[in-house]
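A short worksheet on the structure shown next.
Reckoned from all heavy atoms, side chains included, excluding hydrogens, waters and symmetry mates. Order of appearance sets the numbers: ligands from 1, and atoms from 1 within every ligand.
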Amino acid sequence: MKKTNKFTILGAGLAGLSTSFHLGHESCIIYEAKPYYGGLIYSDFCSGFTWDMGPHISFTKNEYVRSIFEESVNQEFEEYEVHVNNFFKGYWIDHPAQCNLYQLPEPLRTKCLDSFLYSRFQETQLTNPRSYQDWLYQAFGPVFADVFPAAYTRKYWTTDPVNLGVDWIGPRVYYPDIEDVKNGFKGPLGHNTYYVTKVRYPSQGGFISFARKLADGAQIICNKTLQTINFRTRKLGFSDGTQIGYDILVSSIPLPTLIMCSVDAPAEIHEAASILRCTNLLLVNIAASHERKRNNHWIYVYDEDKLSTRISFTEGFSPNNAPYETTGIQVEVYGSAYSPLPKDYKDVIYKVQLELIEMGLLESREAVISVHVRYIPWANVIFDHNRQSALDKINSFLDSIGVIRAGRFAEWKYLWTDDSLLSGQRAAEQCLHHLYT
Ligand SMILES: Cc1cc2nc3c(=O)[nH]c(=O)nc-3n(C[C@H](O)[C@H](O)[C@H](O)COP(=O)(O)OP(=O)(O)OC[C@H]3O[C@@H](n4cnc5c(N)ncnc54)[C@H](O)[C@@H]3O)c2cc1C
């Protein structure tokens with residue numbers, strides 16, 4: 001068994017690539033399970049269509065991250081304001097729906113406003129929300145909260161809002177201003193209240209192109225799936241039977257995977273890892289022979305009798321993502337241990353197509369040029385009430401043995417691409433600290 005470079009990195013997603021980039025690629029080796037790098041930001045190419053692993057755009061305000069993305073694509077990127085819509089029982093409501101109540105049918109519209117205003121007058125009662133449900137009731141009033149975000153939570157987070165904490169929310173869910181809701185009840189507000197405004201996306205080559213600067217020169221060994229790890233002897237075992245030693249280890253693979261691979265982590269750490277929950281994602285990519293039917297980048301679907309949760313149009317991100325006068329419709333369907341994904345993918349494809357036809361987004365099944373499905377086992381960390389204490393135990397164990405973590409599933413947080421890149425940069429700093437102390 002031979003020892004390799006100073007720094008060993010598990011996973012070649014954005015966080016792993018960023019760690020290697022910031023340490024200097026020549027001193028790092030990255031082991032990646034897939035035949036390609038990029039992880040969640042990988043882009044697939046198929047008959048003129050570009051498909052990302054779920055809709056990805058960059059809305060970072062961090063200048064450093066922006067410069068890395070810009071240089072990766074030689075300044076060739078699209079920049080635009082996004083147009084987002086909501087579908088609810090046959091109605092189209094601009095996003096965020098709570099500021100566009102005028103598009104709701106009566107009597108729901110008036111009930112939403114009354115319940116919102118009532119809950120705001122009682123605001124002091126709810127200053128310490130114990131669950132996402134409390135937060136939603138306070139922010140929107142129970143009527144809107146139950147009909148819209150609670151329904152969407154069950155589809156996207158795959159569990160009831162009462163089962164989720166509030167530490168992940170930040171700017172991700174808009175806490176509306178009273179005047180905005182009142183004015184949006186009467187008609188269009190005339191200004192955008194969505195946290196995502198101007199976004200960037202590579203002109204060519206899909207979202208993965210933004211990682212080119214980080215990946216150039218990286219020493220990545222693909223098709224290397226970690227299977228065992230001995231923290232005491234510092235040995236990694238891979239699915240191809242090889243065993244490799246490490247000096248300083250950075251893991252950007254999912255925390256539960258790392259712990260489950262461990263042959264010497266205490267039983268209570270294995271137990272803690274088994275408690276962490278995340279969503280899994282089925283992407284249904286449908287290429288259709290007509291232009292997109294709505295001028296939206298993506299659409300949130302609230303109807304709980306529909307599998308489609310979010311629908312995006314790839315050529316809206318860059319016109320080069322789909323051939324002229326066609327559309328790439330990407331539909332997200334979520335599952336988890338709380339609410340497993342359907343097993344029959346053919347049935348999912350069939351149902352999703354019918355839903356798109358019903359919503360007027362697909363002309364007919366005859367208009368479908370191709371369909372393919374991608375399964376993504378790790379999509380979003382679920383912020384359920386068990387998470388924090390389990391995470392604390394695992395983190396203090398890994399800290400005690402000097403295993404550094406970078407990225408969304410290794411930190412077990414709601415990280416976007418900019419956060420993941422910066423998480424890799426922080427991991428690099430920690431590596432240097434380990435080396436020199
Ligand atoms: C549907 C969706 C849409 C998103 N949209 C946006 C967006 O619009 N804007 C934005 O900024 N962010 C978005 N994000 C978040 C963004 O994708 C992540 O922040 C980022 O890609 C995470 O990078 P990472 O390196 O931490 O993790 P990953 O990309 O998951 O990388 C981990 C790597 O580890 C590898 N690995 C796993 N197990 C093993 C093993 N046993 N052995 C070896 N290798 C292994 C994986 O193959 C993978 O390459 C979105 C996420 C999702 C799920």
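For the residue pair Tyr201 and Asp52, a side-chain donor N or O sits within less than 3.5 Å of a side-chain acceptor on the partner. Counting only N and O atoms by type, the side chains of Ser203 and Glu78 include a donor and acceptor under 3.5 Å apart. Checking Gln388 against Asp392 by side-chain atom types alone, a donor-acceptor pair falls below 3.5 Å. Side-chain contact of Thr158 with Ser339: a donor-acceptor pair under 3.5 Å is absent, judged by distance alone. Inspection of the Asp418 and Thr60 side chains reveals an N or O donor paired with an N or O acceptor under 3.5 Å. With 3.5 Å as the limit, one finds no donor-acceptor pair spanning the side chains of Asn386 and Arg277. When only modelled atom types and interatomic distance are considered, Asp419 and Ser423 share no side-chain donor-acceptor pair under 3.5 Å. A donor-acceptor contact closer than 3.5 angstrom is absent between the side chains of His83 and Asn295. Counted by atom type alone, Asn86 and Tyr152 present zero donor-acceptor pairs between their side chains at under 3.5 Å.
Less than 4.0 angstrom separates some heavy atom of Gly407 from each of these atoms of ligand 1: 26 (O). For ligand 1, the atoms lying closer than 4.0 Å to a non-hydrogen atom of Gly39 are 29 (O), 48 (C), 49 (O). Shown in contact with Leu281 at under 4.0 Å from a heavy atom are these atoms of ligand 1, numbered in order with element: 1 (C). Near Phe409, meaning under 4.0 Å from any of its heavy atoms, are these atoms of ligand 1: 30 (O). Of all atoms in ligand 1, listed by their number and element, those nearer than 4.0 Å to a heavy atom of Lys224 are 42 (N), 43 (C). Taking a cut-off of under 4.0 Å to the non-hydrogen atoms of Gly11, the atoms of ligand 1 that pass are 33 (C), 34 (O), 35 (C). Less than 4.0 angstrom separates some heavy atom of Thr225 from each of these atoms of ligand 1: 41 (N), 42 (N). Listed by number with element, the atoms of ligand 1 under 4.0 angstrom from any heavy atom of Leu415 are 15 (C), 18 (C), 19 (O).
Of the heavy atoms in Tyr37, none comes closer than 4.0 Å to ligand 1. Using a 4.0 Å cut-off between heavy atoms, Leu17 makes no contact with ligand 1 at all. Neither the backbone nor the side chain of Tyr42 comes within contact range of ligand 1; no heavy atom lies under 4.0 Å. Neither the backbone nor the side chain of Ser423 comes within 4.0 Å of ligand 1, counting heavy atoms alone.
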Run the ring pair (Phe, Tyr, Trp, His ring centres under 6.0 Å) test on Phe313 and Trp298 for me, step by step, so that the C-alpha distance in whole Å, both residues' side-chain angles and the decisive distance to 0.1 Å come before the verdict. CA-CA 6 Å; Phe313 304 95; Trp298 62 87; over 10 Å; no
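Within the 4.0 Å heavy-atom shell around ligand 1 one finds Tyr334. Contact analysis puts Pro254 in contact with ligand 1, with a non-hydrogen atom separation below 4.0 angstrom. Ligand 1 does not have Phe207 within reach: every non-hydrogen atom of the residue lies 4.0 Å or more from it.
The shortest N or O to N or O distance between Met53 and ligand 1 is not under 3.5 Å. Ligand 1 has no nitrogen or oxygen under 3.5 angstrom from a nitrogen or oxygen of Glu332. Of the polar atoms of Ser58, none of the N or O atoms is found under 3.5 Å from an N or O of ligand 1, judged by distance alone. Every N/O-N/O distance between Ile41 and ligand 1 stays at or above 3.5 Å. Of the polar atoms of Ala379, none of the N or O atoms is found under 3.5 Å from an N or O of ligand 1, judged by distance alone. Considering backbone and side-chain N/O of Gly16, none are found under 3.5 Å from N/O of ligand 1. Considering backbone and side-chain N/O of Arg310, none are found under 3.5 Å from N/O of ligand 1. Below 3.5 Å of separation, one finds an N or O of Ser420 facing an N or O of ligand 1. Residue Ala15 has at least one N or O atom closer than 3.5 Å to an N or O atom of ligand 1.
Residues Glu79 and Val199 fail the side-chain proximity criterion, which asks for heavy atoms closer than 4.5 Å. Cys431 has its side chain within reach of Ile404: a pair of non-hydrogen atoms, C-beta onward, lies under 4.5 Å apart. Between Lys224 and Leu10 there is no side-chain heavy-atom pair separated by less than 4.5 Å. Residues Val403 and Leu258 form a side-chain contact, since some pair of their non-hydrogen atoms from C-beta on lies under 4.5 Å apart.
Of the protein's heavy atoms, Arg408 NH2, 3.4 Å lies nearest to atom 15 (C) of ligand 1. In terms of protein heavy-atom proximity, atom 9 (N) of ligand 1 is closest to Ile57 O, 2.8 Å. Closest to atom 49 (O) of ligand 1 among all protein heavy atoms lies Glu32 OE1, 2.6 Å. What sits closest to atom 31 (O) of ligand 1 on the protein, heavy atoms only, is Gly13 CA, 3.5 Å. Ranking the protein heavy atoms by distance from atom 36 (N) of ligand 1 puts Ile253 CG2, 3.6 Å first. Looking at atom 32 (C) of ligand 1, its nearest protein heavy atom turns out to be Ser252 O, 3.5 Å. Annotation: atom 29 (O) of ligand 1 to nearest protein heavy atom, Leu40 N, 2.8 Å. For atom 3 (C) of ligand 1, the nearest protein heavy atom (residue, atom name, distance) is Pro55 O, 3.3 Å.
Checked options Trp168, Tyr156, Phe140; the residue passing with Tyr132 is Trp168 (criterion: ring pair (Phe, Tyr, Trp, His ring centres under 6.0 Å)).
Every residue meeting the side-chain hydrogen bond (donor to acceptor under 3.5 Å, both in side chains) condition with Gln353, not counting sequence neighbours, appears here in chain and number order: Arg365.
A centroid separation of less than 6.0 Å is found between the aromatic rings of Trp135 and Tyr175. Between Phe88 and Tyr302, the ring center distance fails the sub-6.0 Å criterion.
With distances taken over non-hydrogen atoms, the option nearest atom 40 (C) of ligand 1 out of Val381, Leu226, Ile376, Ile229 is Leu226. Atom 14 (N) of ligand 1 has its nearest heavy-atom neighbour, among Glu411, His56, Lys34, in His56.
Cation-pi geometry between Arg374 and Trp51 is not met: the NZ or CZ atom fails to fall both under 6.0 Å from the ring centre and inside 45° of the normal.
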